[in-house]
Structures are given as structure tokens and as C-alpha cells.
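The structure's right below; bear with me while I get my questions together.
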Amino acid sequence: MAEQTVISFFLMLVISGSVTLFILSMAVSTREKCQIALSGNHRAKAQDCLFDADNLSEIKRELLKPDPVSTPHVESPIPIMNRSFFKMLPQWSFEDIYNQDALPRPTICDQSLRNSKDETFQKAFLPNIRMFLHKENLNIREWNRLSHFNNPFGFMEMKYNDVMPVVKLIPKPKEPLLPPKPGGDGCVRCAVVGTAGILNGSKMGAEIDAHDYVFR
């Protein structure tokens, strides 16, 4: 009887250990899928990368960590992703990662959005988010990340060899942020003009041109 009890105990121990190893191996496999989706070795489905890290800050650190110099890793563009691959809008665990430039200079504009008291706005507002795409801030790793997002937020359904030669023609701006006009009140006023015909004949041209910057 005692011998059977000992044998049963060891069998349960072996089974428990096997189940634990299986769960750990699945977790590691899923994590590797998410990292491979960014490295360009294959196209991962949305659910492969959906919240597979312990938390968002961990995946941010992993994405932003430079490759070790001692072990160079050659990356390549991931296969083209199409909207038809997904039945619903995919969610990625690296959605809230944004390229940022140097911290902005202090503002003297009383109407600046940086002075907003709205707590929700302040939590979401990034005053130094990168505004301009240029030849020095789009490498293969960034291309692979943005290839998971549809236009205008990324390069889904676009070919690397079609886009990159054009991006390489864009020089790095001398000023990454929009400075206020000299002699003004320190505020930066912008107008965003779309391509629709609603402004035809509106006689709004003078008002649009009165802004410091016009985005068309």
C-alpha cells in the first residue's frame, strides 16, 4: 500500500511538472511571435501580439532597446499586410509607442494647449511628438512596426521598396517642432486644409494664410 502511494505521488509530480513546462513554453513561443513580427521574419496575426507582454511598459522597453553591437542582427521588411487579413480592427500591444523629439522650449502663449487643466487631455498630450517624417527616422524596425497600421497611420498594404526611396529624399528639418513667429505673442497658430471642395468659393483664403503654418 505504501509503495503504491509513493508511486502515485511521483506520477502526480511528473504530470504537474510537465504541465508547467508546457505552459511556460507556450508563453515564450507567443512572446517570440510578437518580437518576430517586428523583426521581419514572418507576418504575425493580430492576436499573436495582443497583450502578450506582462504589461505595456515592458513591450515598450523591448521595442526601444537597441540591438547589442556584439551580436548584429540583420532585419528585413515583413511581408505586406492587407486589411483583408482581419475580420475586425486589430489591436497591437505596441500601439501606444510614439517617436518623440527633444523636449519643447517653454511657451509664453497663454492660450497654449500645454496650459490645459483637463487631466484626461494632459495624460494623452505629447508636446514633443515627432511631427515630420524624414530620411533619418525611418529604419527597417520602424517600418515593420508601422506596417501593422493602415494609412494614414502606417504603411499597411504598401511596399517597402516603393516607399523608402521617396522617404530618403526628405531631409531632416532644422527645427523638429513648430516655433512661434518672431515678433508675435509666442503662440503658434495652424490651419489644416483638406482636399475636399467645400472651401471652393468660400473666400477663406486670407484667413487661412493669416495662420503661422498651413497644412494642406
Side-chain angles (χ1 to χ4, degrees), residues 46 77-78 80-216:
I78 64 174
I80 296 177
M81 301 182 70
N82 295 305
R83 285 178 291 179
S84 59
F85 294 164
F86 310 99
K87 295 181 179 179
M88 58 189 303
L89 183 68
Q91 291 180 291
W92 308 99
S93 53
F94 45 85
E95 285 185 352
D96 289 327
I97 297 176
Y98 304 94
N99 289 321
Q100 300 182 44
D101 287 308
L103 292 175
R105 63 178 62 86
T107 179
I108 59 174
C109 178
D110 294 334
Q111 305 169 35
S112 174
L113 292 175
R114 287 188 240 167
N115 298 328
S116 173
K117 304 300 182 183
D118 188 287
E119 294 184 1
T120 302
F121 174 80
Q122 286 297 334
K123 289 180 180 179
F125 180 56
L126 297 175
N128 58 326
I129 191 169
R130 182 165 293 166
M131 299 184 60
F132 302 108
L133 177 67
H134 57 80
K135 62 182 180 181
E136 294 185 18
N137 65 11
L138 185 61
N139 52 29
I140 290 183
R141 173 171 291 191
E142 183 66 2
W143 168 270
N144 288 341
R145 185 178 74 87
L146 293 177
S147 292
H148 292 74
F149 304 101
N150 192 29
N151 182 273
F153 308 105
F155 301 110
M156 184 180 285
E157 299 188 335
M158 297 185 184
K159 296 181 180 179
Y160 177 84
N161 290 333
D162 289 343
V163 176
M164 287 303 293
V166 178
V167 174
K168 293 302 182 183
L169 298 176
I170 305 175
K172 181 178 180 180
K174 296 180 180 179
E175 172 58 60
L177 302 176
L178 298 178
K181 294 297 184 180
D185 57 2
C187 298
V188 179
R189 295 175 175 83
C190 303
V192 180
V193 182
T195 57
I198 192 173
L199 291 177
N200 288 342
S202 65
K203 299 181 180 180
M204 299 292 293
E207 182 176 342
I208 293 173
D209 293 341
H211 290 77
D212 300 322
Y213 300 94
V214 178
F215 295 89
R216 300 187 184 276

Between Phe149 and Phe94, how do the two ring planes meet: parallel, tilted or perpendicular, split at 30° and 60°?
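Plane angle over 60°, so perpendicular.
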Is Asn115 atom CG crowded by more than 12 heavy atoms from other residues, nucleotides or ligands, each under 6.0 Å away?
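It does: Asn115 CG has more than 12 such atoms within range.
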Nearest 0.5 Å, please: how far is OH in Tyr160 from CG in Leu138?
7.5 Å
Is Asp212 reaching over with its side chain to a backbone N or O of Pro179, donor-acceptor style, under 3.5 angstrom?
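Answer holds: no.
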Closest approach of His148 and Met81, non-hydrogen atoms and distance?
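His148 and Met81 have their closest heavy atoms at CD2-SD, 3.7 Å.
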CZ of Phe86 to CD of Gln91: how many Å apart, nearest 0.5 Å?
12.0 Å
Measure the shortest side-chain to side-chain distance between Trp143 and Val167 over non-hydrogen atoms and say whether it is less than 4.5 angstrom.
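They are not in side-chain contact.
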Atom CE in Met156, atom CG in Leu146: separation rounded to 0.5 Å?
11.0 Å
Other residues, nucleotides, ligands: >12 heavy atoms within 6.0 Å of Phe153 CZ:
no
Step-by-step side-chain contact (heavy atoms from CB on, under 4.5 Å) determination, Val193 to Ile208
CA-CA 8 Å; Val193 182; Ile208 293 173; 3.8 Å; yes
Using modelled atom types and a 3.5 Å cut-off, is there a donor and acceptor pairing between side-chain atoms of Asn139 and backbone atoms of Glu142?
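Yes, the answer is positive, given that a donor and an acceptor are paired below the 3.5 Å cut-off.
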Do the side chains of Leu113 and Phe121 get nearer than 4.5 Å, heavy atoms only?
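Of all side-chain heavy-atom pairs linking Leu113 with Phe121, at least one is under 4.5 Å.
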Do you know which two heavy atoms are closest between Arg114 and Pro127, and how far apart they sit?
CD-CB, 4.1 Å
Can you establish whether the number of heavy atoms outside Ile198 located under 6.0 Å from its atom CD1 is more than 12?
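Atom CD1 in Ile198 is not crowded, with 12 or fewer foreign heavy atoms closer than 6.0 Å.
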Heavy-atom closest contact (Pro173 atom, His134 atom, distance)
CD-CD2, 3.5 Å
